[in-house]
There are 2 protein chains.
Amino acid sequence: MSNTEVLPLLEPEAPQAVAPCCPPLTERPLSAEEAERTARMFKALADPVRLRLFSAVASYAGGEACVCDISDVGVSQPTVSHHLKKLREAGLLTSERRGTWVYYRVDPAVLAAMGRLLSTDSAA
Amino acid sequence: MSNTEVLPLLEPEAPQAVAPCCPPLTERPLSAEEAERTARMFKALADPVRLRLFSAVASYAGGEACVCDISDVGVSQPTVSHHLKKLREAGLLTSERRGTWVYYRVDPAVLAAMGRLLSTDSAA
DNA sequence: TGTCTATGTTGACGATTGTCGAATCAAATG
DNA sequence: CATTTGATTCGACAATCGTCAACATAGACA
């Protein structure tokens with residue numbers, strides 16, 4: 001019960017910054033390690049339900065959305081929670097509890113980093 | 001045995017053009033069908049080996065590469081072929097046999113389409 | 001305290017995926 | 001032809017993934 005707010009817990013979920021990760025896929029062959037890190041990001045968006053959840057949060061007014069606002073994607077509530085966790089672990093979303101509800105918002109830096117991976121021009 | 005080359009077979013591999021597919025993820029919530037199609041593209045790049053193969057082809061001089069040039073990614077040759085097929089089916093790569101070797105090249109339109117999905121500005 | 005609502009976690013299940021060895025196909029060359 | 005080399009297909013296997021029902025947790029409120 002005593003919710004001691006002492007320890008910062010140095011990253012409870014290993015958001016593993018993906019932003020300054022890897023060069024555009026067209027620049028040079030990815031190394032094994034780079035490919036591993038990059039695949040982790042794409043994997044997070046390689047599911048229809050996660051894409052809908054992510055898109056719902058990303059396009060929501062104010063840049064954030066409560067779970068209750070976006071959980072209408074045709075799967076059970078535990079499944080929604082499971083997918084949101086995966087998006088969090090991939091560093092694509094962050095969550096914050098405010099009172100009754102939990103709000104999710106996108107990390108623009110990570111989104112931009114992924115966009116750069118697929119860019120054809122060299123406008124890094 | 002009689003390899004009759006009569007039927008064009010109208011798309012042997014369903015390249016399913018992904019280019020004019022879906023709006024940026026931040027624009028509006030994706031529909032179920034849009035999410036399904038988009039996920040298919042991300043899934044193609046959601047594997048380290050496929051990422052390395054794709055990156056190797058995309059960055060190769062001349063825009064195309066023979067399988068023999070890129071198959072040094074730490075897995076067996078059948079596995080390489082398997083992943084290249086997946087990339088082909090996703091519409092990300094095209095292949096062409098010229099004599100002894102098979103050459104792969106990227107489809108820039110598809111790559112650009114994926115980039116747009118992750119764009120934050122509205123410069124469609 | 002107790003109850004209600006909103007999310008998250010656990011455990012289990014079937015489905016999909018990545019991998020390889022063996023067999024097969026395709027082109028070149030002897 | 002037969003052989004060699006490059007590439008794909010087939011068949012099987014372990015590992016991962018998406019899903020749900022059941023349970024647990026966190027606030028709000030009476």
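In what follows, every chain begins at residue 1, and chains take the letters A, B, ... in the order their sequences are listed. Just so we're clear, the structure is a prediction, and the values are computed from it rather than from any experiment.
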When the distance from [atom1] of [X] to [atom2] of [N] is rounded to whole Å, what number comes out?
X: A:Arg98; N: D:dA28; atom1: CZ; atom2: C1'; value: 16 Å
X: B:Leu45; N: C:dG18; atom1: CG; atom2: P; value: 12 Å
X: B:Glu89; N: C:dT17; atom1: CD; atom2: C1'; value: 13 Å
X: A:Arg97; N: C:dT9; atom1: CZ; atom2: P; value: 11 Å
X: A:Trp101; N: C:dT5; atom1: CH2; atom2: P; value: 12 Å

Sorted by number, the residues of residues 69-76 of chain B with heavy-atom contact under 4.0 Å to DNA chain D: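 Listed by number, there are none.
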Expected output: side-chain A:Ser95 to main-chain A:Tyr104 donor-acceptor under 3.5 Å: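 No, A:Ser95 side chain to A:Tyr104 backbone: no donor-acceptor pair under 3.5 Å.
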For the pair A:Arg50 (side chain) and A:Ala44 (backbone), establish whether a donor and an acceptor sit closer than 3.5 Å, ignoring hydrogens and angles.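 Answer holds: yes.
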Presence of donor-acceptor pair under 3.5 Å, side chain of B:Gln77 and base of D:dG6: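 Check fails, no donor-acceptor contact within cut-off.
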Tell me who clusters with B:Trp101, hydrophobic residues only, linked when side chains sit under 4.5 Å apart either directly or through other members.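 B:Trp101 clusters with B:Tyr103.
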Partner residues of A:Arg97 under the salt bridge (Lys or Arg N to Asp or Glu O under 4.0 Å) criterion, sequence neighbours left out: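 Result, salt bridge (Lys or Arg N to Asp or Glu O under 4.0 Å) vs A:Arg97: none returned.
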Salt bridge (Lys or Arg N to Asp or Glu O under 4.0 Å) partners of A:Glu33, counting only residues at least two apart: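 Counting only residues at least two positions away or on another chain, A:Glu33 forms no salt bridge (Lys or Arg N to Asp or Glu O under 4.0 Å).
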What nucleotide, of C:dG8, D:dG6, C:dT19, holds the atom closest to the side chain of A:Leu84?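 The closest nucleotide is C:dG8.
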Respond yes when some side-chain nitrogen or oxygen of A:Thr79 is under 4.0 Å from OP1 or OP2 of D:dT19, and no when none is.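 Looking at the OP1 and OP2 atoms of D:dT19, neither is under 4.0 Å from any side-chain N or O of A:Thr79.
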C:dT19 OP1/OP2 closer than 4.0 Å to side-chain N/O of B:His83: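 It does, given that an N or O in the side chain of B:His83 lies less than 4.0 Å from OP1 or OP2 of C:dT19.
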If you look only at pairs with a residue in residues 69-120 of chain B, which of them pass as a disulfide (SG to SG under 2.5 Å), with sequence neighbours excluded?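 Pairs touching residues 69-120 of chain B that pass the test: none.
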Scan [X] against the nucleic acid and name what it touches under 4.0 Å (heavy atoms): base, sugar-phosphate only, or nothing.
X: A:Val49; answer: sugar-phosphate
X: A:Ser81; answer: base
X: A:Tyr104; answer: sugar-phosphate

Quick one: does B:Phe42's side chain get under 4.5 Å of B:Leu117's, heavy atoms only?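 Heavy-atom side-chain distance check passes, below 4.5 Å.
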Ion pair check, A:Glu36 and B:Arg52, cut-off under 4.0 Å: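 Looking at B:Arg52 together with A:Glu36, the answer is no, because their closest N to O distance does not fall below 4.0 Å.
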Would you call B:Lys43-B:Glu89 a salt bridge at under 4.0 Å N-O?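 No, this pair does not count.
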Give me the distances for all protein-to-nucleotides 10-17 of chain D N/O pairs that come in under 3.5 Å?
none

